[in-house]
Amino acid sequence: MDCFRVPFLKIPRRFLSPLSTVRPPQLPPPPPPPPRFQRHHPRDLTWSSAAAGASVDPSSLIKEDGIAICSSLWIDSFRDPGQTITNVTSYLRRLELWVIAYQKVAADDTGSYVPKNTIPPHALEGLLALRNAVLDGRFRWGSRLEFHVRSPRDKTDLEALSKRKIRILLTTSQPPPFQDRIVQEVLLMILEPIYEARFSQKSFAFRPGRTAHTVIRVIRRSFAGYLWYMKADVSTLLDGANVGLVINALLRDVRDKKVVDLVKSALVTPVITGRPDDEEALRKKRKKRKYQKKKVLAEDEPKPDPYWLQSFFGFAPEEAEKLPNWGHCGVLSPLLVNVVLDELDQWMEEKIKEFYHPSKTDVIWNSEDPEGGEREHGNTSWPEFVPTSGPDKTRKVDFGPRADAATLRKQLIDFCDQKYSLKLDNESLPIEHITKGIMFLDHVLCRRVVYPTLRYTATGGKIISEKGVGTLLSVSASLRQCIKQFRKLEFLKGDRDPDPQPCFRMFHATQAHTNAQMNKFLCTMAEWYRYADNRKKVVNFCSYIIRGSLAKLYAAKYKLRSRAKVYKIASRNLSRPLKDKKGQSPEYHNLLRMGLVDSIDGLHYTRMSLVPDTDYTPFPSGWRPDHEKILLEYIKLQNPRALEEQLNALQEQGLLTPQDYISLLVWNYKKNTNLLPAGDGSDTQKAKDLLLELAGGGLKSDIEETDGRKVIPVGVKNDKILSFTGVSLNLLVLSTTSS
């Protein structure tokens with residue numbers, strides 16, 4: 001019997017056709033041909049936990065706020081980060097998380113946010129069906145023809161596809177399906193808070209709240225005084241890892257079989273890639289076409305990245321070029337990489353404690369605080385400076401000889417070979433001295449000798465100023481790497497004497513649009529080199545290359561033959577229009593005032609004095625991202641012991657909490673309310689004076705006038721509060737206007 005496939009049911013087609021009470025006699029219609037493939041339609045999918053086939057309204061399952069559920073998961077994870085999680089499936093059942101995942105993926109797919117109340121009913125039904133398929137083990141990663149839920153802008157009729165298109169769809173590489181990305185987002189929302197509470201504080205890659213700028217600031221603050229550096233390249237793990245290794249790393253903290261099996265199936269399921277013959281033929285076909293039809297984007301189609309953003313992504317350092325993508329894990333892959341490498345981070349922290357032997361007489365080394373953390377020493381506002389003279393002279397800058405670094409390297413090679421099957425050697429793990437310059441994130445770490453004026457307080461409180469000497473940890477942007485990146489983006493040619501090349505990608509754009517794009521690019525570059533010591537120099541060099549490239553572009557576009565003529569007409573920052581060779585036309589200002597032409601912004605940072613200074617803001621010790629600090633503070637305030645300690649501290653200092661002030665206010669008001677005379681509502685000033693007399697005449701002088709309002713100071717001692725006989729006026733604001 002011909003039927004549709006629905007989870008747990010096989011419903012005959014005749015039951016799905018509309019029925020009427022009275023039908024005219026007629027011949028039955030011929031049976032439709034069988035479909036070429038079977039797929040799940042969102043409207044045909046129903047689910048009930050009580051009985052199969054019972055329909056459930058998806059909106060009735062959304063009882064809480066999804067953000068509140070995620071917040072509770074983060075709080076529980078950070079409250080007890082060492083516990084083993086055994087019940088993650090309970091969060092996987094929450095439809096609220098699936099709705100949030102749908103909103104995120106739909107925003108990435110369409111370019112606009114989808115509010116929860118505008119999600120169509122068939123999309124909610126599809127989300128419910130997808131959730132049930134995941135919970136029942138019926139979900140298959142990478143499905144091309146069977147979908148539970150589809151993208152809002154996916155209007156493809158799969159049943160109307162030809163055999164050739166179906167064959168191409170099944171045999172060539174395609175973007176990840178919409179429903180796969182929803183499952184990835186749900187897994188990320190569940191697993192990320194669990195592991196973020198366990199990761200090392202010295203791990204920064206692919207973690208929320210931590211960026212490359214964070215790493216540079218940590219190096220500037222904490223690496224002063226180190227001489228030997230060792231760089232290890234473990235980027236081969238980003239291309240893929242052993243499935244057993246990943247699963248064992250997950251099972252250390254999460255013992256939920258359903259979630260682990262779902263991640264395992266994402267790693268094991270093969271990814272369909274296009275055949276090389278078809279890709280080669282397609283490339284040759286595109287090469288033969290001289291003129292390609294310009295694509296017009298639909299209204300609900302996401303716009304591509306602008307040119308300035310594509311150019312900035314081309315500046316990615318070598319350490320940040322690779323983005324992990326394991327199997328069908330998608331956005332979950334970076335988290336899995338950190339889960340696998342977390343054991344290496346923990347091992348390195350143990351080795352640091354073993355090899356780290358600072359001299360107690362030196363001031364630059366931070367000692368451990370008994371209460372946790374590190375005790376600050378030396379000049380905390382200038383942590384990259386290592387003094388070699390004066391009372392804070394550092395006698396032991398190099399805390400360990402090179403032999404210790406070689407021993408650590410050998411142990412690291414053995415650990416990576418046994419744990420990750422990574423074949424490292426001495427060449428891939430070089431040991432470099434700080435004087436030679438350490439390249440990291442396109443910045444150079446080096447040490448230079450400086451002679452600052454040191455001021456310190458001697459015995460007797462006398463301030464002494466003397467000329468000091470010391471070494472300074474310098475973090476400078478690599479100009480060579482900057483030239484290399486510009487050459488890769490075809491903005492210049494040459495190495496020693498770089499020559500800007502015309503930016504023909506912007507040939508058909510207007511001068512105003514081109515300048516605006518390049519200004520955004522320059523502002524982003526200035527932000528990228530924010531913490532570099534040579535920020536002014538390198539950003540001014542970027543501005544020189546961009547300005548020369550645009551000048552050559554405008555010379556070719558307006559047939560001006562040279563950059564000098566372009567600068568003569570458009571000025572140094574290219575802010576004048578180039579349509580008229582004589583400069584600004586007389587009617588240009590009038591057209592600009594009427595809004596008939598676009599205003600042309602000049603290029604930024606054409607002079608070095610316009611580039612902002614380097615940000616030397618001191619980096620705090622024990623730094624944590626803002627969201628982690630808020631979580632820890634919230635958890636601390638929920639602890640009854642911490643609250644009791646704070647109350648005891650307030651009582652010792654003779655202070656009262658705002659709750660106690662309000663309690664006294666209400667109690668004294670009820671106690672003395674019968675003493676107030678009855679009067680009209682407009683005469684409030686007499687009532688206020690009477691309240692002040694009841695509270696005690698000596699307190700009238702303590703009232704301060706603030707913006708026309710009389711406020712009683714709150715910093716009153718405890719004994720003074722308890723001596724009140726009338727209405728307590730603490731935290732009581734008496735308005736001078738009639739209430």
Side-chain angles (χ1 to χ4, degrees), residues 74 78 104 108 188-189 192-193 195-224 229 231-235 237-238 305-306 308-325 331-339 341-342 344-345 348 383-384 438-445 473-478 481-482 485 520-535 538-539 542 611-632:
W74 278 89
F78 273 80
K104 294 175 67 176
D108 293 339
L188 181 64
M189 283 190 289
E192 186 178 41
Y195 286 100
E196 278 294 323
R198 292 166 166 79
F199 286 155
S200 170
Q201 293 301 317
K202 295 180 174 62
S203 172
F204 296 92
F206 310 123
R207 297 187 60 186
R210 294 170 170 86
T211 62
H213 281 169
T214 310
V215 181
I216 294 174
R217 298 184 72 186
V218 169
I219 290 175
R220 183 190 295 279
R221 184 197 179 281
S222 304
F223 281 36
Y229 289 77
K231 293 175 61 177
D233 184 10
V234 294
S235 60
L237 281 176
L238 304 183
D305 292 333
W308 70 269
L309 192 57
Q310 296 178 13
S311 302
F312 176 70
F313 287 157
F315 261 80
E318 182 181 355
E319 295 85 356
E321 283 183 345
K322 284 187 177 181
L323 186 66
N325 190 8
V331 295
L332 193 63
S333 301
L335 177 64
L336 296 179
V337 171
N338 282 332
V339 171
L341 293 177
D342 182 60
L344 176 61
D345 295 335
M348 283 298 300
E384 62 269 21
I438 313 298
M439 181 69 68
F440 184 67
L441 292 175
D442 286 354
H443 288 68
V444 180
L445 313 178
L473 178 64
S474 176
V475 182
S476 304
S478 174
Q481 287 296 113
C482 185
Q485 302 288 10
K520 292 180 180 179
F521 175 66
L522 286 173
C523 291
T524 313
M525 294 300 299
E527 180 64 23
W528 166 239
Y529 292 118
R530 179 176 181 175
Y531 299 100
D533 291 337
N534 58 343
R535 182 188 188 186
V538 69
V539 174
C542 294
V611 182
D613 296 327
T614 305
D615 189 355
Y616 288 111
T617 305
F619 198 62
S621 175
W623 176 88
R624 279 179 176 267
D626 292 338
H627 68 279
E628 290 189 8
K629 290 192 294 186
I630 293 174
L631 280 171
L632 295 176

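- The line from CD1 of I219 to OG1 of T214 is 11.0 Å long, rounded to the nearest 0.5 Å.
- Scanning for ring pair (Phe, Tyr, Trp, His ring centres under 6.0 Å) contacts around W308 gives an empty result, with sequence neighbours left out.
- Using a 4.5 Å cut-off on side-chain heavy atoms (C-beta onward), L335 and L188 make contact.
- Taking the side chain as every heavy atom from C-beta outward, L522 and C542 approach each other to under 4.5 Å.
- The distance from the CG atom of L344 to the CG atom of N338 is 11.5 Å, given to the nearest 0.5 Å.
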From CA spacing to verdict: side chain to side chain contact (heavy atoms under 4.5 Å, CB included), T617, R217: CA-CA 9 Å; T617 305; R217 298 184 72 186; 3.9 Å; yes
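- Nearest approach of P324 to S333, heavy atoms of both residues: O-CB, 3.5 Å.
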Worked check of side chain to side chain contact (heavy atoms under 4.5 Å, CB included) between W623 and V218: CA-CA 9 Å; W623 176 88; V218 169; 5.6 Å; no
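- Contact of the V215 side chain with the F440 side chain is registered, since non-hydrogen atoms from C-beta on lie closer than 4.5 Å.
- The shortest non-hydrogen separation linking V539 to M525 is CG2-O, 4.4 Å.
- With T614 contributing its side chain and A532 its backbone, the two residues share a donor-acceptor pair below 3.5 Å.
- In this structure, K231 contributes its side chain and M439 its backbone to a donor-acceptor pair below 3.5 Å.
- Remark: S203 OG to E196 CD distance equals 8.0 Å, nearest 0.5 Å.
- Under the 4.5 Å side-chain criterion, counting only non-hydrogen atoms from C-beta, Y531 is not in contact with V475.
- With sequence neighbours excluded, the residues that form a side-chain contact (heavy atoms from CB on, under 4.5 Å) with A232 are L412, L429.
- One finds no salt bridge joining D615 and R220 here, because no Lys/Arg side-chain nitrogen approaches an Asp/Glu carboxylate oxygen to under 4.0 Å.
- One N or O on the side chain of R535 and one on the backbone of A526 form a donor-acceptor pair closer than 3.5 Å.
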From CA spacing to verdict: side chain to side chain contact (heavy atoms under 4.5 Å, CB included), V337, L238: CA-CA 7 Å; V337 171; L238 304 183; 3.7 Å; yes
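- Rounding to the nearest 0.5 Å places NE2 of H627 at 9.5 Å from CD1 of I630.
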Side chain to side chain contact (heavy atoms under 4.5 Å, CB included) between R210 and E628, intermediate numbers included: CA-CA 11 Å; R210 294 170 170 86; E628 290 189 8; 3.2 Å; yes
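- E192 contributes atom CD, which lies 9.0 Å from atom CZ of F199 (distance to the nearest 0.5 angstrom).
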Donor-acceptor contacts, no H, no angles, side chain residues 311-320, under 3.5 Å, sequence neighbours left out:
unit_1, atom_1, unit_2, atom_2, d
S311, OG, Y307, O, 2.9
E319, OE1, L441, N, 3.4

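- One distance of note links CZ of R221 with CZ of F619; it measures 8.5 Å at 0.5 Å rounding.
- Using bins of under 30°, 30° to 60° and over 60° for the plane-to-plane angle, the ring pair H443/W528 lands in the perpendicular bin.
- A 4.5 Å side-chain heavy-atom check between F206 and L323 finds at least one atom pair inside the cut-off.
- Scanning both residues, P193 and F78, for their nearest heavy atoms gives O-CE1, 4.4 Å.
- D533 contributes no side-chain N or O that, together with a main-chain N or O of S476, makes up a donor-acceptor pair within less than 3.5 Å.
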